[in-house]
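Before any comments, here is the structure.
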Amino acid sequence: MNETARVQPIEWLGDRVRILDQTLLPGRIEYIDTGDYRVVADAIRRLCVRGAPAIGVAGAYGAALGALALKNGDSDTFLKEFNSILGFLASTRPTAVNLSWALSRVEAAARRPRTIPEIKEAVVAEAQAIQRHEEEATDRLSRYGADLIGDGFTVLTHCNAGSLATCGCGTALGVIKAAKAQGKKLHVFATETRPLLQGARLTAWELVQERIPVTLITDSMAGHFLSKGTIDAVVVGADRVAANGDVANKIGTYSIAVLAGENGVPFYVAAPLSTIDLAINSGKDIPIEERNHAEVTHIAGVRLAAEGVEVANPAFDVTPAKHVSAIITERGVVRPPYSPRLERLFGPELETKA
Ligand code: MRU
């Protein structure tokens with residue numbers, strides 16, 4: 001375990017789940033306490049809980065709440081109704097594969113026992129196991145990634161891939177926190193991450209709490225600082241990694257990756273195995289979520305753009321594998337060529353970093 005403090009975005013309370021409402025951060029710390037899977041689905045859709053691993057954990061707890069609320073009829077009817085709840089939860093956000101990964105795990109857990117009370121128990125236990133799994137995976141990958149960060153480095157990150165996004169110490173921020181725990185002196189440049197400002201609101205907040213020096217920049221400043229030699233490495237998280245190493249992450253990641261390559265700065269992606277989707281050959285097949293246009297025309301509820309303007313709002317983009325220097329996972333650091341190296345990660349348990 002990293003010895004760093006961590007914010008807990010999701011907590012299981014036995015028959016309810018508690019979700020930290022990230023839309024209100026850093027101004028207000030408020031929780032959504034619910035026993036209703038539809039409220040969890042709404043929290044995922046509205047980004048009260050966000051970040052690929054945290055979305056998976058929230059989805060699994062949503063499924064657990066759905067199972068607990070179902071009547072103890074015959075198990076065929078139960079499983080049919082349970083599967084429709086899983087479908088509803090899966091539809092909330094399409095890009096992060098962690099959600100469908102977690103829901104497939106709870107679906108498999110529900111098929112094993114015979115009686116309905118046992119099914120309910122198994123689904124809750126599986127959701128808790130998924131949360132523990134993600135915590136441990138991010139701790140491990142952070143220690144692998146820390147070795148890529150030199151003493152005195154300035155690291156640029158985009159969006160928020162910290163505790164808030166993972167339930168653990170974070171992926172990209174986990175790497176930075178683990179490098180700090182090794183005694184390295186670091187500075188982070190965080191992009192504000194328009195339209196929803198996860199960098200300005202969440203990453204800056206997490207790093208200030210961790211006492212890691214952080215400079216907030218607007219997204220369009222990244223190229224300037226990369227070209228000036230200010231940045232030693234870029235580390236970002238991912239929502240889905242295809243078998244060939246193409247990476248879907250927050251919109252704007254692709255531009256940063258290209259600019260990093262242009263300026264000879266390594267571009268690292270930190271992602272647990274739950275984010276790697278071997279069923280998808282290349283990034284072309286990754287579904288990209290299109291979000292509400294008001295997120296672009298408005299900031300904090302205030303309209304900035306003219307009425308009637310046309311808007312596009314893809315929440316993610318795909319960075320082709322050729323721009324990715326390495327992918328940091330809980331089973332080690334993978335360098336190109338990613339195919340078939342990513343596939344080999346899913347083999348028998350490899351020796352993991354202590
Ligand atoms: O729309 P969001 O806030 O869910 O997007 C989050 C990201 O793009 C993160 O970089 C990604 O999920 C990795 S989190 C460890």
Side-chain angles (χ1 to χ4, degrees), residues 1-12 20 22 49-61 96-99 101-102 105 125-151 153 155 157 159-184 186 188 202-203 205-207 209-212 233 235-241 247 249 268-276 326-334 342 345-354:
M1 294 265 288
N2 279 355
E3 293 310 316
T4 52
R6 63 184 56 163
V7 203
Q8 200 45 265
I10 309 165
E11 209 184 329
W12 179 248
L20 174 62
Q22 298 186 31
V49 57
R50 32 69 48 205
I55 292 172
V57 173
Y61 283 133
V97 71
N98 300 64
L99 181 57
W101 170 84
R105 273 186 61 159
E126 189 65 14
Q128 291 176 300
I130 288 169
Q131 179 164 19
R132 278 196 304 276
H133 173 101
E134 292 297 44
E135 283 171 13
E136 286 164 17
T138 51
D139 278 347
R140 282 204 203 113
L141 75 81
S142 297
R143 287 194 288 269
Y144 278 117
D147 294 343
L148 300 172
I149 307 298
D151 190 17
F153 263 31
V155 180
T157 191
C159 195
N160 172 265
S163 300
L164 289 165
T166 60
C167 299
C169 57
T171 56
L173 292 195
V175 167
I176 291 164
K177 292 173 195 175
K180 184 197 168 205
Q182 290 176 339
K184 293 169 183 161
L186 303 173
V188 176
L202 308 177
T203 296
W205 185 67
E206 266 196 66
L207 291 173
Q209 291 197 338
E210 295 280 338
R211 298 183 197 286
I212 296 175
V235 189
V236 296
D239 286 83
R240 195 185 295 230
V241 179
V247 173
N249 190 47
Y268 300 124
V269 172
L273 264 54
S274 55
T275 301
I276 299 173
I327 299 176
I328 304 159
T329 79
E330 69 268 38
R331 290 192 171 186
V333 174
V334 183
L342 288 176
L345 294 174
F346 290 81
E349 187 80 41
L350 306 172
E351 201 182 313
T352 47
K353 203 169 165 72

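Note that the structure is a prediction, hence the values are computed from the model and not measured.
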Please identify each residue that fulfils side-chain contact (heavy atoms from CB on, under 4.5 Å) with [X], with sequence neighbours left out.
X: Ala172; value: Thr157, Ala161, Val235
X: Leu342; value: Val241, Ile276, Leu278, Ile327, Val334, Tyr338, Leu345
X: Gln128; value: Trp12, Tyr61, Val124, Arg132

What's the spacing between [X] [atom1] and [Y] [atom2] if we round to 0.5 Å?
X: Thr138; Y: His133; atom1: OG1; atom2: NE2; value: 9.5 Å
X: Leu202; Y: Ser163; atom1: CG; atom2: OG; value: 11.5 Å
X: Leu207; Y: Lys180; atom1: CG; atom2: NZ; value: 9.5 Å
X: Glu206; Y: Leu164; atom1: CD; atom2: CG; value: 4.0 Å
X: Cys167; Y: Glu11; atom1: SG; atom2: CD; value: 10.5 Å
X: Ile328; Y: Thr171; atom1: CD1; atom2: OG1; value: 9.0 Å

Asp151 and Gln182 side chains, donor-acceptor separation under 3.5 Å: no
Those residues that, when tested against Thr275, pass side chain to side chain donor-acceptor pair (under 3.5 Å) (two or more places apart): Asn98
All side chain to side chain donor-acceptor pair (under 3.5 Å) counterparts of Gln22, not counting sequence neighbours: Arg50
What heavy-atom pair brings [X] and [Y] nearest, and what distance separates the two atoms?
X: Glu134; Y: Thr166; answer: CB-O, 4.0 Å
X: Ala238; Y: Val269; answer: CB-CG1, 3.8 Å
X: Ala165; Y: Pro53; answer: O-CD, 3.3 Å
X: Tyr144; Y: Gly332; answer: CE1-N, 3.5 Å
X: Asp139; Y: Cys169; answer: OD1-SG, 3.2 Å
X: Gly150; Y: Leu186; answer: O-CD2, 3.7 Å

Between [X] (side chain only) and [Y] (backbone N and O only), is there a donor and an acceptor less than 3.5 Å apart?
X: Glu330; Y: Leu273; value: yes
X: Arg331; Y: Gly347; value: yes
X: Thr329; Y: Pro272; value: no

Side chain to side chain contact (heavy atoms under 4.5 Å, CB included) assessment of Tyr268 paired with Val333: CA-CA 10 Å; Tyr268 300 124; Val333 174; over 6 Å; no
Val175/Leu141 under side chain to side chain contact (heavy atoms under 4.5 Å, CB included): CA gap, chis, key distance, verdict: CA-CA 7 Å; Val175 167; Leu141 75 81; 4.3 Å; yes
Check ion pair Glu210-Lys177 (N to O, under 4.0 angstrom): yes
Contacts of Trp205 that satisfy ring-ring contact (aromatic ring centres under 6.0 Å, His included) - sequence neighbours left out: none
